[in-house]
Amino acid sequence: MCDQTFVAATFGPCDNCTTASPLMNIYIKNEAINYCSFCVEVMACQGLQKGESLANLKRECESLKKKLEEERGKLNDVELHQVAEKVEVVGALSIKTRRVLKGHGNKVLCMDWCKDKRRLVSSSQDGKVIVWDGFTLNKEHGMTMPTTWVMACAYAPSGCAVACGGLDNKCSVIPLSLDSNENLAAKKKTVAMHTNYISGCTFTNSDMQLLSSSGDGTCALWDVESGQLLQSFHGHTADVLSLDLAPSETGNTFVSGGCDKKANVWDMRSGQNIQSFECHESDINCVKYYPSGDAFASASDDATCRFFDLRADREVAVFQKDSIIFGASTVDFSLSGRLLFAGYNDYTMNVWDVLKGNRVSILFGHENRISRVRVSPDGTALCSASWDNTLRIWA
Amino acid sequence: MSGKMCSSSVIQAQKLVDQLRVEASMERFKISLTAADLVQYCQEHRRSDPLLTGIAASSNPFKDKKTCVLL
């Protein structure tokens, strides 16, 4: 019997035979099992003896995939832009740069708005996390993280804390205090621990729980107070680059997108992957829910942004142009969901009409690729973070 | 036991089949219905979308207000 070679991350007593050996960490129906490689072989053979062979499983796989395609195809009775034909065209937009936030010493990788619609937090490659007042351009807090490439940052719903993470494989929560003399970085609390970089983080509806996505291919839900892992989400076969929480108050789903070109929708309570979309031709850099929660958009390195309908379980629109050849790194919807703002690696932002599928406007201004675009909570403004070390607020 | 068969690939295949079964059992709706809902949402919230319809400079804190003129 051939015993395959594997990378062992843990060594200890096997759950089955209790001999100490390198363990294979595998998940069966979301339960973590640590078996030595011999017990894994035995377990697999037992599965086979019950009449299922690998060939059978593969055949069932193929037939299920075909069935899914068929089911999805049946629903495609009309295109989104056809349904939207009677809707009036979007008028000329007068969106211009109103503020330029300078202060970061290196590429700004992420930003998030506070619910008070004026403050925002941004993080950059040099490890600095800055909280700004968007109206006055005042830097309210500045913290230095013990890592470079702080790729994710999020504002807590209460406005009293921020979370950030990056190459340190951890996501930390920092309470913001009004005392400017206090060293905020000292009060930082590590909440999430992954085995690879943190690509995205967001608080759930309260300050108490944090959702993180990581380069290790998993997403996880953490309790902020205790740092305990509440739920982990396995299913991506490559780095997860982005996640977004469903907008409703009672909503308990989120969508994630990654380097395996898939966008997965997850149930937060059970950890189950409820829907999966594989339409992009390259890494998905960003995913964002439509304001009603019934759809989401994704931005990818294949230079397209796509719109997926959750109830029809399929892609309903592709936002692309032959002249756009650079990857899209970020997307966000305007408040009504009519406009989709997408930031690209060619330093521009394209504004798409979601219903009709055409481009409405191009926003120029940044001098390097745009890493993140976010519309403010009341929809009055849009903030973009870029590798040119600045953030811009457009309105 | 064939040497080509890896135990982990059996487990992976089993997981994949389970996942696909879950996905196949989902209830789906026609696009004509769901798209109509998306369009309706956009139309309902059109007026409250400042970036779409544009709001006056005086009510947008980010836009510069017109300068005062002293008579």
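All chains are named by letter (A, B, ...) in the order of the sequence lines, taking the proteins before the strands, and each is independently numbered beginning at 1.
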Can you name the side chain to side chain contact (heavy atoms under 4.5 Å, CB included) partners of A:Asp133, sequence neighbours left out? A:Arg118, A:Phe135, A:Thr136, A:Asn138, A:Glu140
Nearest 0.5 Å please: distance from the [atom1] atom of [X] over to the [atom2] atom of [Y].
X: A:Glu60; Y: B:Leu16; atom1: CD; atom2: CG; result: 10.5 Å
X: A:Leu335; Y: B:His45; atom1: CG; atom2: NE2; result: 7.5 Å
X: B:Cys42; Y: A:Tyr290; atom1: SG; atom2: OH; result: 3.0 Å
X: B:Phe62; Y: A:Leu382; atom1: CZ; atom2: CG; result: 10.5 Å
X: B:Arg21; Y: A:Leu64; atom1: CZ; atom2: CG; result: 7.0 Å
X: A:Arg338; Y: B:Asp49; atom1: CZ; atom2: CG; result: 10.0 Å

Out of [options], return the one with the most heavy atom pairs under 4.5 angstrom to chain B.
options: A:Pro291, A:Gly235, A:Gly337; result: A:Pro291
options: A:Asp378, A:Val360, A:Val83; result: A:Val83
options: A:Leu310, A:Asp294, A:Ile393, A:Val90; result: A:Ile393
options: A:Lys67, A:Gln275, A:Glu79, A:Lys96; result: A:Gln275
options: A:Val78, A:Thr380, A:Leu68; result: A:Thr380

Note: A:Lys65 and B:Leu20 closest approach over all heavy atoms is CG-CD1, 3.8 Å
Minimum-distance pair of heavy atoms, taken over all atoms of A:Ala295 and B:Leu38: CB-CD2, 4.1 Å
Proximity breakdown for [X] and chain B, heavy-atom pairs closer than 4.5 Å:
X: A:Tyr35; answer: neither
X: A:Val375; answer: side chain
X: A:Ser376; answer: neither
X: A:Leu355; answer: side chain
X: A:Lys86; answer: neither

Do you know which of B:Val17, B:Val22, B:Leu51, B:Thr53 has the most heavy-atom pairs under 4.5 Å to chain A? B:Leu51
Best-contacting candidate, B:Ser48, B:Pro50, B:Ala24, against chain A by heavy atom pairs under 4.5 angstrom: B:Pro50
Checking A:Asp313 side chain against B:Arg28 main chain: does a donor-acceptor pair fall under 3.5 Å? no
Chain A contact via B:Glu23 - which portion, at a heavy-atom distance below 4.5 Å: both
Which answer fits B:Val39, side chain, backbone, both or neither, if we ask what part of it has an atom under 4.5 Å from a heavy atom of chain A? both
Heavy-atom neighbours of A:Lys356 NZ exceed 12 at 6.0 Å: yes
So side-chain hydrogen bond (donor to acceptor under 3.5 Å, both in side chains) across residues 31-42 of chain B, not counting sequence neighbours, yields A:Asp77-B:Ser32, A:Asp309-B:Thr34, A:Arg311-B:Asp37, B:Gln40-B:Glu44
Kindly indicate, with the supporting measurements, whether the criterion side chain to side chain contact (heavy atoms under 4.5 Å, CB included) is fulfilled by A:Glu71 and B:Met26. CA-CA 10 Å; A:Glu71 291 290 317; B:Met26 188 198 141; over 6 Å; no
